[in-house]
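Presented below is the structure to which this report refers.
All ligand and atom numbering here is 1-based and tracks the order in the structure. In this text, all values refer to a predicted model and were calculated from it rather than measured experimentally.
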Amino acid sequence: MANMNHEGEQKFEKKNIRPTSMRKLIYRILSEKDQAMSLYEIEQQFDQVERSTIFRTLRVFQDNCLIHLIYDGTGAVKYALCDDDCSCGINDLHIHFLCSSCGNNYCLKELPVPYMDLPEGYTFENANFVIRGICPDCQ
Ligand SMILES: [Zn+2]
Ligand SMILES: [Zn+2]
Ligand SMILES: [Zn+2]
């Protein structure tokens, strides 16, 4: 895959991911969309590929903070690219926007998940903050 963009190569290096051709391909699919994608949607970009291969690749991306997972209540997990400086920690959590018209899910990275002061005895692990509405394309 010689035509992977330079930005992608740098990202792999930064996140310590060995650039196999499958990984490059899936990265490109994700970066060409500006919204989160489900496993099924990624699979649709291929003529023929094992779903487990895609899944394994996404798992490597997830483990190395190249992507993050979104549970938006639609039943399908969505995958979206992380920023360069993302370490997938609490401070990197942001709000996601699910369009009820087109079904696309957008990362609103400029809107961090609000800090929550949990009652005593509760330990924070993760948060999924999804807003439903109509996206600019569907207005
Ligand atoms: Zn991340
Ligand atoms: Zn929409
Ligand atoms: Zn996101």
| Cys135 side chain reached by Cys102 side chain, heavy atoms, under 4.5 Å |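 When only atoms from C-beta onward are counted, Cys135 and Cys102 do touch, with a gap below 4.5 Å.
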| said: Measuring only between side-chain heavy atoms, which start at C-beta, is Asp72 closer than 4.5 Å to Lys78? | reply: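 Asp72 reaches Lys78 side chain to side chain.
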| query | Which residues and atoms, counting only protein N, O or S, are under 2.8 Å from the Zn ion (ligand 1)? | reply |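 Hits for the Zn ion (ligand 1) below 2.8 Å: Cys82 SG, Cys86 SG, Cys88 SG.
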| message | If I take atom NZ from residue Lys14 and atom CG from residue Leu66, how far apart are they, to the nearest 0.5 angstrom? | response |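 Those atoms lie 11.5 Å apart.
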| Distance (rounded to the nearest 0.5 Å) between Leu98 CG and Arg132 CZ |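 Between Leu98 CG and Arg132 CZ, I get 4.5 Å after rounding to 0.5 Å.
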| query | With distance as the sole test, does Gln45 use its side chain to make a donor-acceptor pair with the main-chain N or O of Ile42 at under 3.5 Å? | reply |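 Answer holds: no.
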| task | Please determine, by modelled atom types, if Asn16 and Asn64 share a side-chain donor-acceptor pair under 3.5 angstrom. | result |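 No, no side-chain donor-acceptor contact under 3.5 Å.
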| task | Mind telling me whether Phe97 and Tyr106 have parallel, tilted or perpendicular rings, with 30° and 60° as the class edges? | result |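 The rings of Tyr106 and Phe97 sit tilted, inter-plane angle from 30° to 60°.
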| query | Of all the N, O or S atoms in His94, which one sits nearest to the Zn ion (ligand 3)? | reply |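 So the atom name we want here is NE2.
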| query | If you draw a 6.0 Å radius around CD in Glu50, do more than 12 non-hydrogen atoms from other residues or ligands fall strictly inside? | reply |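 It does not: Glu50 CD has 12 such atoms or fewer within range.
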| Which residue pairs pass the side chain to side chain donor-acceptor pair (under 3.5 Å) test with at least one member in residues 112-128, sequence neighbours excluded? |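 Listed once each, the pairs would be none.
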| field | Atoms (protein N, O or S; no water) under 2.8 Å from the Zn ion (ligand 2) | value |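 Protein N, O or S neighbours of the Zn ion (ligand 2) under 2.8 Å, waters not counted, come to 4.
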| query | Looking at residues at least two apart in the chain, or sitting in another chain, which of them share a side-chain contact (heavy atoms from CB on, under 4.5 Å) with Lys109? | reply |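 Counting only residues at least two positions away or on another chain, Lys109 forms a side-chain contact (heavy atoms from CB on, under 4.5 Å) with His68, Asp83, His94, Cys107.
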